[in-house]
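Below: one structure, written as structure tokens.
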There are 2 protein chains.
Amino acid sequence: MTPPVFSHGSLRLYLLKLLDETPRHGYELIQALGDRFGGTYSPSAGTIYPRLAKLEEEGLVTKASDGRKTVYRITDAGRAELAARGDELGRVESEVTDSVRRLAHEVRSDVTTAMKSLKAELASAARDARESASRVPPVSSTTPDDRTTSRLALQDAELALNVFRHDTRAALRTHIGSGRSFTSAQLAELRIELERAATSIKRILTH
Amino acid sequence: MTPPVFSHGSLRLYLLKLLDETPRHGYELIQALGDRFGGTYSPSAGTIYPRLAKLEEEGLVTKASDGRKTVYRITDAGRAELAARGDELGRVESEVTDSVRRLAHEVRSDVTTAMKSLKAELASAARDARESASRVPPVSSTTPDDRTTSRLALQDAELALNVFRHDTRAALRTHIGSGRSFTSAQLAELRIELERAATSIKRILTH
DNA sequence: CCTCTCCTCGCGATATATCGCGTTGTGATT
DNA sequence: AATCACAACGCGATATATCGCGAGGAGAGG
């Protein structure tokens with residue numbers, strides 16, 4: 001299927017580099033790798049832990065249990081290995097960046113096809129709704145009263161709220177994930193914006 | 001957050017039902033639940049395992065280790081509980097189906113907006129590529145300090161988002177609760193307001 | 001009755017580890 | 001030099017478990 005982001009042995013080297021910066025536990029390494037390469041890609045646990053186990057077996061890192069976590073620390077032998085092959089690091093880095101870029105591209109077309117299947121799904125859902133509408137007879141009248149309309153609209157409103165919250169969160173994460181900073185000044189602006197929206201919505205409700 | 005698919009205590013009951021059919025291990029239960037409800041939704045491991053632990057503590061199921069797996073089996077006490085509350089099962093099932101349908105709805109609009117943000121992301125990636133072609137590519141664009149403050153600000157932003165959502169929901173409920181109607185016209189205005197806020201916030205993030 | 005507190009619950013995020021598939025690199029044999 | 005078996009590797013899927021948050025429900029106390 002998709003070609004690996006890290007080529008043969010690259011991950012091993014990169015893990016050593018990360019552990020040379022500071023000791024970390026496994027999950028932290030996964031996040032660190034995700035951070036460095038645009039948030040689009042994160043290596044899976046099934047990639048990291050076997051590699052760490054191997055590195056320990058080879059004596060290049062040590063493992064120390066810290067409560068729920070397992071902290072890995074580079075050894076002298078590990079530093080030696082890193083010194084010997086450190087010149088490969090630059091090449092590895094640009095290779096990975098390239099792979100990630102390609103991956104992002106794939107994700108795009110992926111979403112495009114997802115849209116198509118979703119349209120099909122929606123059509124089937126609509127068919128579903130039509131069917132159940134004809135099978136289940138209307139409860140009382142053809143024109144639903146205000147109360148019912150309100151409740152339906154309320155559900156839609158909550159849905160819209162959820163979507164808004166979700167999208168904004170996603171935007172924030174993407175922003176930070178791509179290496180840009182999110183300042184307290186921007187936070188303040190965001191707060192003001194939310195305040196304004198809240199006020200507007202209250203005005204809408206009272207006419 | 002998104003309202004839970006299983007309401008209070010429903011999952012507990014449903015797990016008993018599944019274990020009454022046949023003994024299973026935890027991951028198998030997660031998959032079984034995913035299968036029953038359209039594939040869109042699968043309960044997370046963080047939902048299943050604490051519940052199974054609780055059920056075992058209560059003596060309604062027993063745990064047996066089988067290599068890498070942990071097989072759970074219903075006990076007589078568990079079957080008694082199931083017999084006593086089995087009539088709730090039908091209700092639970094339709095509740096869950098409804099929730100899942102709503103979730104699918106959310107996913108739909110999610111993908112639509114994901115398309116937009118992906119286009120933006122690609123544009124920025126292209127910009128990036130052009131830039132890095134002329135300049136020396138920075139390994140990590142943000143200093144650790146910046147990242148830390150960003151993460152803190154991110155937490156504050158999520159809090160603000162939650163407060164906003166909560167307040168708006170409360171306003172809607174109060175409005176309808178006091179006998180006034182919430183029309184689809186007002187819903188449309190609300191949507192526009194949220195859209196406007198979302199746009200503003202994205203503008204804030206890009207300066 | 002009403003509300004306030006506390007416990008429970010669902011759930012995403014955090015954390016770790018193994019298995020099997022397909023690919024790639026390597027060394028031995030031809 | 002060519003090839004061919006075998007090991008090493010990346011990675012998604014499988015498997016388990018804990019933590020903290022926010023919402024729900026039950027029971028106490030007014």
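Residue numbers begin at 1 in each chain, while the letters A, B, ... track the order of the sequences. Here the structure is a predicted model, which is why all the values come from computation and not from measurement.
- One interatomic measurement links the two molecules: CG of B:D66 to P of D:dA15, which rounds to 10 Å at whole-angstrom precision.
- Within 4.0 Å of B:G46, counting heavy atoms only, lies at least one base atom of the nucleic acid.
- When distances are taken from the side chain of B:K69 to each of C:dC11, D:dT16, D:dA17, the shortest belongs to D:dT16.
- Every side-chain contact (heavy atoms from CB on, under 4.5 Å) that B:A45 has, sequence neighbours left out, goes to B:I30, B:Y49.
- The pair B:R36-B:E21 counts as a salt bridge, with a side-chain nitrogen and a carboxylate oxygen less than 4.0 angstrom apart.
- As a whole-Å value, the separation of B:H8 NE2 from C:dC11 C1' is 13 Å.
- The phosphate of C:dA15 has OP1 or OP2 within less than 4.0 Å of a side-chain N or O from A:H25.
- Protein atom CZ of A:R24 is 15 Å distant from nucleotide atom P of C:dT14, rounded to whole Å.
- As judged by a 4.0 angstrom heavy-atom cut-off over every strand, B:Y14 is placed among residues making no nucleic acid contact.
- With C:dT8, C:dA17, D:dG10 as the candidates, the nucleotide lying closest to the side chain of B:K54 is C:dT8.
- If you check D:dT14, D:dC9, C:dT16 against the side chain of A:A45, the one that comes closest is C:dT16.
- Judged purely by atom type and a 3.5 angstrom limit, A:S200 uses its side chain to pair as donor or acceptor with the backbone of A:R196.
- Considering only side-chain atoms of B:F6, the nucleotide from C:dA17, C:dG10, D:dT14 that sits closest is C:dG10.
- For B:R68 against D:dT14, a side-chain N or O and a base N or O form a donor-acceptor pair under 3.5 Å.
- The side chain of B:P50 lies closest to D:dC19 when the candidates are D:dC19, C:dT14, C:dT24.
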Using distance only, find each side-chain donor-acceptor pair of residues 50-66 of chain A under 3.5 Å and give its atom names and separation, not counting sequence neighbours.
unit_1, atom_1, unit_2, atom_2, d
A:E58, OE1, A:R12, NH1, 2.7
A:E58, OE2, A:R12, NH1, 2.9

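- Comparing C:dT16, C:dG10, D:dT18 against the side chain of B:T47 picks out C:dG10 as the nearest.
- The side chain of A:R51 lies closest to D:dG10, out of D:dG10, C:dA17, D:dA17.
- Shown are A:D76, A:T75, A:L16, A:I74; of these, the side-chain contact (heavy atoms from CB on, under 4.5 Å) with A:E81 is made only by A:L16.
- In this model, the phosphate group of D:dC11 is not approached by any side-chain N or O of A:S44 to a distance below 4.0 Å at OP1 or OP2.
- Among C:dC11, D:dA17, C:dA17, the nucleotide with an atom closest to any side-chain atom of B:V5 is C:dC11.
- Nucleic acid contact class of A:Q31 (heavy atoms, under 4.0 Å, all strands): sugar-phosphate only.
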